[in-house]
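Notes follow once the structure below has been shown.
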Amino acid sequence: MSGSAARPRAASYERIYAVVKRIPPGRVATYGQIAALAGRAGQPRQVGYALHALPEGRPIPWHRVINAKGTISQRGERWVEKVQRALLEREGVAFDAKGRIDLRRHRWRASG
DNA sequence: GCAATGACGCTCT
DNA sequence: CAGAGCGCCATTG
């Protein structure tokens, strides 16, 4: 049916949330990777924007999403960054002395 | 409808 | 390896 017309404001968000939800524990994905899997390759900012608007109450492992540098992006509140790191470490993700994650080892492969 | 903002990525230095 | 600049599109005011 023509339900496609009434696409909610956060229609694109659902696409991103679906991809982030697919990230397995102990694995991390970059915004660019999420964007590509969500069909928004080249627009990693929308991924961050979507997660920023991510309403609590939704089981989305947002903490498994980091930037291409392997570091945790800083938001308005720095404490969140510490929480994200704690969640990742709890899943087995290792951080180096510089607080960076080894993407070569923890990067999630959507293919399998 | 226009202007500004934003959890980024890539390239160059 | 680290830092800075530019580009991208969607959402918000």
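Just so we're on the same page: letters track the sequence lines, and every chain starts at 1.
Residues V20(A) and R64(A) are not in side-chain contact: their nearest non-hydrogen atoms beyond the backbone lie 4.5 Å or more apart. Proximity of P55(A) to Y17(A): side-chain heavy atoms (C-beta onward) are separated by under 4.5 Å at one or more points. Contact of the V28(A) side chain with the V65(A) side chain is not registered, since no non-hydrogen atoms from C-beta on lie closer than 4.5 Å. The shortest side-chain heavy-atom distance between H63(A) and L88(A) falls under the 4.5 Å cut-off.
Rounding to whole angstrom units, OH of residue Y49(A) and C1' of dG6(B) are separated by 7 Å. The interatomic distance linking Y31(A) (OH) with dC8(C) (P) rounds to 21 Å, in whole Å. Distance R40(A) CZ to dT11(C) C1': 13 Å, rounded to the nearest Å. Atom CG of L37(A) and atom P of dG9(B) are 13 Å apart (whole Å). In this structure, the OH atom of Y13(A) is 7 Å from the C1' atom of dA10(C), given to the nearest Å. A straight line from CG of L51(A) to C1' of dT5(B) spans 17 Å, rounded to a whole angstrom.
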Produce the list of close N/O pairs, under 3.5 Å, pairing protein atoms with atoms of nucleotides 10-13 of chain B; give distances to one decimal.
none

Nucleotide N/O of nucleotides 1-5 of chain C paired with protein N/O under 3.5 Å:
{"residue": "dA2(C)", "atom": "OP1", "partner": "K98(A)", "partner atom": "NZ", "Å": "2.6"}
{"residue": "dA2(C)", "atom": "OP2", "partner": "R100(A)", "partner atom": "NH1", "Å": "2.5"}

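Counting non-hydrogen atoms under 4.0 angstrom, E81(A) reaches nothing in the nucleic acid. Among the protein residues, Q46(A) comes within range of the nucleic acid bases, having at least one heavy atom under 4.0 Å from a base atom.
R85(A) has no carboxylate O lying under 4.0 Å from a charged side-chain N of E81(A), or vice versa, which leaves the two without a salt bridge.
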**Asked** Q46(A) and Q43(A): side-chain contact (heavy atoms from CB on, under 4.5 Å), yes or no, with the steps?
**Response** CA-CA 6 Å; Q46(A) 266 51 262; Q43(A) 286 78 252; 3.6 Å; yes
**Request:** List the steps, then state whether salt bridge (charged side-chain N to carboxylate O under 4.0 Å, His left out) holds for E14(A) with K21(A).
**Result:** CA-CA 10 Å; E14(A) 294 300 319; K21(A) 224 180 342 189; over 6 Å; no
**Message:** Is there a side-chain contact (heavy atoms from CB on, under 4.5 Å) between V47(A) and Y13(A)? Walk through the geometry before answering.
**Reply:** CA-CA 8 Å; V47(A) 178; Y13(A) 291 176; over 6 Å; no
